[in-house]
Amino acid sequence: MAKPLARNSKLKSTTSLSQRVAIVIMAAGKGTRLKSKHPKVLHEIGGKPILAHVVETAARVIAPSNIFVIIGHEAERVRDAVGRTGVNFVVQAEQRGTGHALMVAREALAPFDQVIVLSGDAPLITRETIENLSAFHAAQKATMTLLSAEIANPFGYGRVLRKSAKSPEVRAIVEEKAANSAQRKIREINSGFYVFSVPALYQHISQLSTENAHREYYLTDMARIFYHAHKKVVAFKTADAAEVLGTNTRTEIVDLDARLRLAKCRELMAEGVTIFYPETCVIDSDVTVGADTVIEPFVQLLGKTRVGADCRISSYSVLKDTEVADGVVINPLTVTDDARIGAGAIVGPYSRLRPGSDIGENARVGNFVETKKMHLGKGSKAPHLTYLGDAEIGEGVNVGAGTITCNYDGVHKHKTVIEDGVFVGSDSTLVAPVKIGRGAYIAAASCITENVPADALALGRARQSTKEGWAKAKRGAPKAKTE
Ligand code: UD1
Ligand code: CA
C-alpha cells in the first residue's frame, strides 16, 4: 500500500506533505542495439547489473514498497536480479514503447498522486537529482516535469522544444528520427527521467498513438499532449550531464563502467586509501577498503570484497568476495574467491585461495599454494608449492614445500585435521580422512594414510638403500687414450 509521503523523511522537505509519491523504473525493453542474448538492464557496470544501480538509488529516495519496476523481456531473470530489494514489479508482456510501459502501470499507480519515472538503462542518476527534479515539479505546480541535459553530442536522444529560450516551459519532445535539421541542432536532450501528476497522466495517456518511426507509444509525446491541453510541462536541466547517460550500446556500457570505477577510486582515496594508477584498477561498487591501505596498479577488487586498514594489495591480484582484515600483505598475482584472510597475514605471490579458505591471523600462504574449504590457524605457514583442501589446520603449524592433502577418493571428499604445532616435512601426502595429533612430526616425503598421535614422528616412505660404487661400475673403466 502507498504510504503518505509525510512519513517519508527523505522527500518531506522537497514535496508538499500530502503528496503520495511512487517511482516507476522502466526496464522491460530488450536492448536491441547491444546485440545480446541478455536483457540490457542485466548487463553490468561497476560489477553489478545496470538496473541494480537504478533500484538502489531509487530506494534512497523512497521506500521500496513504493517502487515499481516495469519488466517484460526476460522478466523472470530481471525480477530475480533485483527482487531481494523489496521493490514491486509490473509485467509489460509486450513492449510497445515507453508510453505503453506507463499504460500497464495504471492500476499499480492508482493510489499515488505523483510518479517519478526513471530509466532502467541510465544508472548514474543520483538521489540528489531525483529529489531536485521532484521539488522543481512541485514548485512549478507542473503536470509533467522532465529532466534535461545539455550534451555535446545529442545524437540519438529526444530533443527538448521549449516555449522560449528562457522559459522553463516545454512544448514538446521530438525524437531523433522525427526531428528536422534545425531541431537536431538542439543540444538540450530529454534524459528519460520524468515526474507526472498521476491523475493527469492517466486522464490523457489514451491520446498517445503509434504513428511514428518505431510504431510505439512514446512517453515523450505526453509533453505535446499536455501542452495542447493547457497543462504545464517544464524542463529541469541537470548540472551534471554525465548522470543521465544511457547504455544503449556496448561502447556506452564500457564508458559508464570506466566512469563509475574511477569515481569509486576517487571516493576510496578521499577516505584515506592510496591507489596507484587508479585507471588500471577494477574496483566494484560495493567494495570497501580501510584507511592507509595501498593498492598497486592492475588490482581487481570484486563483488563483496572488504579490505581492512593498513593493507598492501600488490599488482595483478584479483580478490573476489574476499574479507581481508587489517595489516594484511597480498603479494603480486594472488587470486582469491570467497575467502577470509586474518589480520597480519601474508599471502602470495602466486597464491590461489578458493572458496571457503580461511587464513588465520599472522599466517603465511606462499607461492604456488592452492587452498579450498580449509582453515589455517594463527601463525601457521604453508610457504610453497602446496595443496590444502578440506583441511582443519591448527596454530603454529609448518606445512613443508610440496605437501598435498589427498582429499578426494574419486567419489567423496574427506577431511584432513592437523593439530597445533605440527611439523609437516616437505613432499608429504596426507591421505584423508586423516588426523595428525598436536606437536607431531611428519618426516619429509611421507605418504600418511593412518592417524598420527600427538608428539609422534611418522615416517611413511621406503627406507633408502645405497649401493657403493654402483654408478662407477655401470660407466665402466675409462678407455686408454690412443695417439
Ligand atoms: C528514450 C526517450 C528519449 C530519451 C532517451 C534517454 C522515448 C520514446 N524516448 O529513448 O527521448 O532521449 O530515452 O535515454 O521514450 N522500455 C520499457 N518498455 C518498452 C520500451 C522501453 O520498459 O516498451 C524501457 C527500456 O527497457 C529502457 C527505457 O524504457 O530501460 C528506455 O527505453 P529505450 O528504448 O532505451 O529508449 P531510448 O531510445 O533510449
Ligand atoms: Ca535508452
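Positions are given from 1, in the same order as the sequence printed here.
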* **Check: N153 side chain, F155 main-chain N or O, donor-acceptor pair, under 3.5 Å** => yes
* To do: Check M103 against Y217 and note the closest heavy-atom contact, atom names and distance.
  => CE-CD2, 3.6 Å
* Please check if the side chain of R306 supplies one atom and the backbone of E323 the other of a donor-acceptor pair under 3.5 Å. => no
* For T210 and E216, test the side chains for any donor-to-acceptor distance below 3.5 angstrom and give the result as yes or no. => no
* **Atom pair CD1 (I173) and CG (L219), whose distance is rounded to the nearest 0.5 Å** => 7.5 Å
* To do: For T143 and A200, work out which heavy atoms get closest and say how close.
  => CG2-CB, 3.4 Å
* To do: Report the residues that fulfil ring-ring contact (aromatic ring centres under 6.0 Å, His included) with Y277, sequence neighbours left out, ordered by chain and then residue number.
  => none
* Asked: Between K232 and Q140, do the side chains contain an N or O donor and an N or O acceptor separated by less than 3.5 Å?
  -> yes
* May I ask you to decide if N180's main-chain N or O and Q183's side chain share a donor-acceptor pair within less than 3.5 Å? => yes
* Once you round to the nearest 0.5 Å, how far does CD1 of I225 lie from CD of Q207? -> 5.0 Å
* To do: State whether a side-chain donor-acceptor pair under 3.5 Å links Y408 with H412.
  => no
* Asked: Between T416 (side chain) and T405 (backbone), is there a donor-acceptor pair under 3.5 Å?
  -> no
* For the pair R159 and E176, evaluate salt bridge (charged side-chain N to carboxylate O under 4.0 Å, His left out) and give the outcome as yes or no after the intermediate values. => CA-CA 7 Å; R159 309 296 206 285; E176 173 78 34; 2.7 Å; yes
* Asked: Of R77, H73, E74, which is the lone residue that meets side chain to side chain donor-acceptor pair (under 3.5 Å) with H38?
  -> R77
* To do: Could you tell me whether a side-chain N or O of D321 sits under 3.5 Å from a main-chain N or O of K304, the two making a donor and an acceptor?
  => yes
* Asked: Under 6.0 Å from the NZ atom of K378, do we count more than 12 heavy atoms belonging to anything else shown?
  -> no
Review item, side-chain donor-acceptor pairs of residues 330-342, under 3.5 Å, at least two apart:
| residue | atom | partner | partner atom | Å |
| --- | --- | --- | --- | --- |
| N331 | ND2 | G348 | O | 3.3 |
| T334 | OG1 | N331 | O | 2.9 |
| T336 | OG1 | T322 | OG1 | 2.7 |

* **Pair E169 + R162, salt bridge at N-O below 4.0 Å** => no
* To do: For residues K40 and T247, report the shortest heavy-atom separation together with the two atoms involved.
  => CD-O, 3.2 Å
* Could you tell me which non-hydrogen atom of I295 sits nearest to which non-hydrogen atom of C281, and how far apart they are? => CG2-SG, 4.1 Å
* So, does S119 use its side chain to make a donor-acceptor pair with the main chain of A122 at under 3.5 Å? -> no
* Pairing of K415 and D390 as salt bridge, 4.0 angstrom limit -> no
* Answer yes or no: is there a side-chain heavy-atom contact under 4.5 Å between S197 and M144? => no
* Asked: Think R106 forms a cation-pi with Y202, using NZ or CZ under 6.0 Å from the six-ring centre and within 45 degrees of its axis?
  -> no
* To do: Report the C-alpha separation of R261 and D284 in whole Å, then their side-chain angles, then the decisive distance to 0.1 Å, and conclude whether the side-chain contact (heavy atoms from CB on, under 4.5 Å) test is met.
  => CA-CA 7 Å; R261 293 187 189 280; D284 281 355; 2.8 Å; yes
* Taking the side chain as every heavy atom from C-beta outward, state whether L201 and L102 have any pair of such atoms under 4.5 Å apart. => yes
* Got a sec: does the OH of Y350 have more than 12 other heavy atoms crowding it under 6.0 Å? -> no
* Asked: Within the distance-only criterion (no hydrogens, no angle test), does the side chain of Q95 pair as donor or acceptor with the backbone N or O of Q92 below 3.5 angstrom?
  -> yes
* Asked: Between K48 and E56, is the closest basic N to carboxylate O distance under 4.0 Å?
  -> yes
* Flag, side chain of N132 to backbone of E128, donor-acceptor distance under 3.5 Å -> yes
* Structure fact -> Test side chain to side chain contact (heavy atoms under 4.5 Å, CB included), reference I275, set E296, R266, M269, output is M269
* To do: With K231 as the cation and F226 as the aromatic partner, state whether NZ or CZ is under 6.0 Å from the six-membered ring centre and within 45° of the axis.
  => no
* Taking all non-hydrogen atoms of both residues into account, name the closest pair between T220 and N190 and its distance. => CG2-ND2, 3.2 Å
* To do: Compare every heavy atom of S314 with every heavy atom of V299, then report the nearest pair and how far apart it is.
  => CG2-O, 3.2 Å
